[in-house]
Amino acid sequence: MNFFRGVIGGQAAGPQPSGAETIQKLCDRVASSTLLEDRRDAVRALKSLSKKYRMEVGTQAMDHLINILQTDRSDSEILGYALDTLYNIICNDEEEEQDESEDAVTPLPVSGKHKNVSVPDENAQKQADDLGALFTDKFIQDPEHVTLLLTLLEEFDFHVRWPGVKLLTALLKNQGVQLQGVILVSPMGVSRLMDLLADSREVIRNDGLLLLQQLTKGNAAIQKIVAFENAFERLLDIITEEGSSDGGIVVEDCLLLLLNLLKNNSSNQNFFKEGSYIQRMKPWFEVGDDNSGWSAQKVTNLHLMLQLVRVMVSPVNSPGATASCQKSMYQCGLLQQLCTILMATGVPADILTETINTVSEVIRGSQVNQDYFASVNAPSNPPRPAIVVLLMSMVNERQPFVLRCAVLYCFQCFLYKNQKGQGEIVATLLPSTIDANSISAGQLLCGGLFSADSLSNWCAAVALAHALQDNLTQKEQLLRVQLATSLGKPPVSLLQQCTNILSQGDKIIRRGSKVQTRVGLLMLLCTWISNCPIAVTHFLHNQENVPFLTAQISENLGEDERLVQGLCALLLGICIYYNDNSLENYTKEKLKQLIEKRIGKENFVEKLGFITKHELYSRAAQKPQPVFPSPEQMLFDHEFTKLVKELEGVITKAVHKSSEEEKKEEEVKKTLEQHDNIVTQYKELIREQDSQIQELKEQVASMTSQNEQKQATITQQLSQIQQHKDQYNILKLKLGKENQSQSNSQGDVSQVNGLQTEELTQLREEVEELRKQHTLLQTQLDDKDALINTLRSEAAQTAEGSAGGSENTELLKELEALRSQVQSQSTEINQLQTEREELLRRAEAGSSDVVHSSDGSLDSAKMAELESRLAAQMTETERLKEETKSLSGSRADLEQQLASATSTVAILQTEKAKLQTEVQESKKEQDDLLMLLADQDQKIHSLKQKLKDLGETVEDEDDLDAREQTDDDEEEEEEEEDED
């Protein structure tokens, strides 16, 4: 083949080199040229030939190009040419095609990004794919090449970084698993790729998103690394910057990458929830009132956003993680926003369908979310509940098939583990709650159940079966529902009407599949009467039901009817297994005899096995969501497949058992029940003793703690008493000293006062004595004066008569002596008077000194201070006496409490000794009981082994406990009736 002809347009004169030769020369030039410009030109030429001569360039030039990447790192231009050349030989020309996401929950609508790429034929495409895989394997044989490429991505130059991103993306598309392993062990490999999201050039950032999409496919380890490199924050920021749901293709790429990171990755899902990123999803679903003219890109974006919500609450996730995400979505208002879209007008059909599916999984199994959904009303006049509006769409055959499936799934999720919701749905069918002026959910279900559209029949039957799922109360309540068939005829029960329609079969003209209606009704009846003996009795009470079932099972019908035969066998088997033998004509034994005579046990079991062998059974058992390619394939419900799996084995064993085996089994069961009763009694006794021992231990511990607290209280109070005693003694000593000093002061004062009183008395006596002397001396003076006067008169007479001389001289001497004596006496009298006045003054001063003080103001101040201190000491003494009295009383109380606590401790110690003795006795009794239990268990085990050898099914202890509880309740009711 002349490859050169593709390069040169025409044939020139002389021999021309072929394409392979030209490429060989260029490779030699790249390898041998010393000038950078020559090597650059040669690489540029190889780039131009790489698309047309892909095989030749790849085989001859790849090693030289890789060498250029290693040696010419300084020249960005030659690096760019080399990377572009490698990309051309490795890429399969699919870079413009957007494959549908493998992780998508439902097919995505076509967006503006997708283009139709024409391929010549399958062989050419296969050959191109093989070349891409071949060259990719050659490139990644040496992990250093991948490391080199990751290093080049750190170059900021556009001509290097962008071709490097495209080359790595192409490598991942061709050999993703191998390349993921190399990148995973490369140091900082994932971190370098995450830096592409921060590039300011949108082309590189957008191609970086595509690269990360390929990198994160199917590799949980890389997904975790990318998530912990702050990928969620960056991607959500890009989505917000690009306009959320109104954004372009970049938003779609971000959402696809988020789906890769979160789907089936519980670690990333938990990180997404804990990082409060669920709250940032709420603004995505804020749609306006005008919903007309949605672009294809917006539909695609919103579709992916809804899928992202579903990934967080998918039923395949762990129940705890799903419940936590459901709670967060309700608290942040995301569920409310989804319900707003659900009830909005103008929303495209595929978005509405996906929104219904999303709401379904957000409320599935969450009581709070289910209650909120039940309260949502459609914006109609009058307002109707959203459930009613959705059911109207489900039973309307003009609605799209996928929309009806989504509504059924929503209704199933609303009733999943929601006994309150189940009761509300069944209540709308009961006579006491029917409102003729409004449409209820029950009326819509009944209307769909008996309509002429087989798909509506099936959907309504499955929806009603979910209202009865694992709810014995509602199964019994639904037996009360009566239906008016026509005027003038009595009403019939819903159960009877279902069996009537089932027996009519193909007589009723219906649109759609012939067997779909009967399959739906049979699934409803099986769910209804399973584990409900009352419903089984009602079903068998109709004499036509059993003959119809046996006739259906025994006939040899076509392939399509085999499923109906299997379901009829299941229904009849349920009637046997849950039969309480209340109807004499249809006891367990008689039904088994009927099967053996009319059908045959082996044939019956074979027909029963048709259910699980059906191809659509395994598809429905995979996931709860009803997803079917066409309405005709809509035959099985997910919850019903669980019921079939549970009942198939037990029904087969129940049919094969003979009457003798049943009798033996009953005897063994009775024996086991007796043994179980004994074991249960001993268990109860042991539990009671354990509880009593535990209570006594708690009492001992409580009393011990109380005793310790009281001991601590007593110790504390004793220390307080000792402190008060010390304080009392100190105060007593201080008071004694002060009283002593006060008494001394008072003694001094009284001594001074005593001395003053004695002096005063003595002075008064001296004054009286002086007065007496003064009176005596005055009398003597008067006598002397009289004598002097007499002598003077005599002297005058003597002078006149000259009566002698000597006598007159003597008289004069005597007169002079008397005068001097009088003079001295007068002096003495004056002196005594002076002393007398002084004594009187002193006496008056002494009397005043007794009242005030003899020492003036100093003595008065000292007396006042002493009196005040005395009063204070007396007051303090009285207070201390009172405090001492109260402390004595407290001490007496504490001593009494100490005595009481001591007696209590003695009692507790005695009780503790008794309890320890009882515990030892109880342990001995428990050991004896355990020995007895071991013997009983050995006997039970041998009996069970005998039963298993006989081929019987032995129920476990939980079932027997439940049955024993039922028997106990019945015995208590009988005892109450006997007492009445």
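Hydrogens, waters and symmetry mates play no part in the numbers below; they use all other heavy atoms, side chains included. Fair warning: this is a prediction, and the values are worked out from it, not measured in the lab.
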*Ile425 side chain near Leu445 side chain, heavy-atom distance below 4.5 Å*: yes
*Exercise: do Arg310 and Gln307 side chains pair donor with acceptor under 3.5 Å*: no
*Leu262 vs Met312 side-chain heavy atoms within contact, under 4.5 Å*: yes
*All ring pair (Phe, Tyr, Trp, His ring centres under 6.0 Å) counterparts of Phe539, not counting sequence neighbours*: none
*Whether Trp458 side chain and Leu635 backbone form a donor-acceptor pair below 3.5 Å*: yes
_Results of ring pair (Phe, Tyr, Trp, His ring centres under 6.0 Å) for Phe450 - residues two or more places apart only_ = none
*What residues form a ring pair (Phe, Tyr, Trp, His ring centres under 6.0 Å) with Phe610, not counting sequence neighbours?*
none
*If you measure only the distance, is there a donor-acceptor pair under 3.5 Å linking the side chains of Gln422 and Asn471?*
yes
_Surrounding CG of Leu403 (heavy atoms of other residues, nucleotides or ligands, distance under 6.0 Å), is the total greater than 12?_
yes
*When you measure from the side chain of Gln474 to the backbone N and O of Ala467, does any donor-acceptor pair fall under 3.5 Å?*
no
*Are Asn301 and Gln297 linked by a side-chain donor-acceptor pair shorter than 3.5 Å?*
yes
*Please determine, by modelled atom types, if Asn500 and Gln504 share a side-chain donor-acceptor pair under 3.5 angstrom.*
no
_Looking only at the side chains, is there a donor atom on one of Tyr416 and Gln469 sitting less than 3.5 Å from an acceptor on the other?_
no
*Check whether any side-chain N or O of Asn457 sits under 3.5 Å from a backbone N or O of Ser451 as a donor-acceptor pair, and report yes or no.*
yes
*Basic-acidic side-chain contact under 4.0 Å: Glu286, Lys282*: yes
*By side-chain hydrogen bond (donor to acceptor under 3.5 Å, both in side chains), which residues pair with Asp237, not counting sequence neighbours?*
Arg280
*What residues form a ring pair (Phe, Tyr, Trp, His ring centres under 6.0 Å) with Phe636, not counting sequence neighbours?*
His614, Tyr617
*N-O pairing of Glu639 and Lys642 below 4.0 Å*: yes
*Can we say Asp453 and Arg404 salt-bridge, meaning some charged N sits less than 4.0 Å from an Asp/Glu carboxylate O?*
yes
*Does Cys339 reach the side chain of Tyr372, with side-chain heavy atoms less than 4.5 Å apart?*
yes
_Residue that, paired with Ser324, satisfies side chain to side chain donor-acceptor pair (under 3.5 Å) out of Glu274, Gln269, Lys273_ = Lys273
*Residues that Glu424 engages under salt bridge (charged side-chain N to carboxylate O under 4.0 Å, His left out), provided they are two or more places apart*: none
*asked:* Distance alone, cut at 3.5 Å: any donor-acceptor contact between the side chains of Gln223 and Asn265?
replied: yes
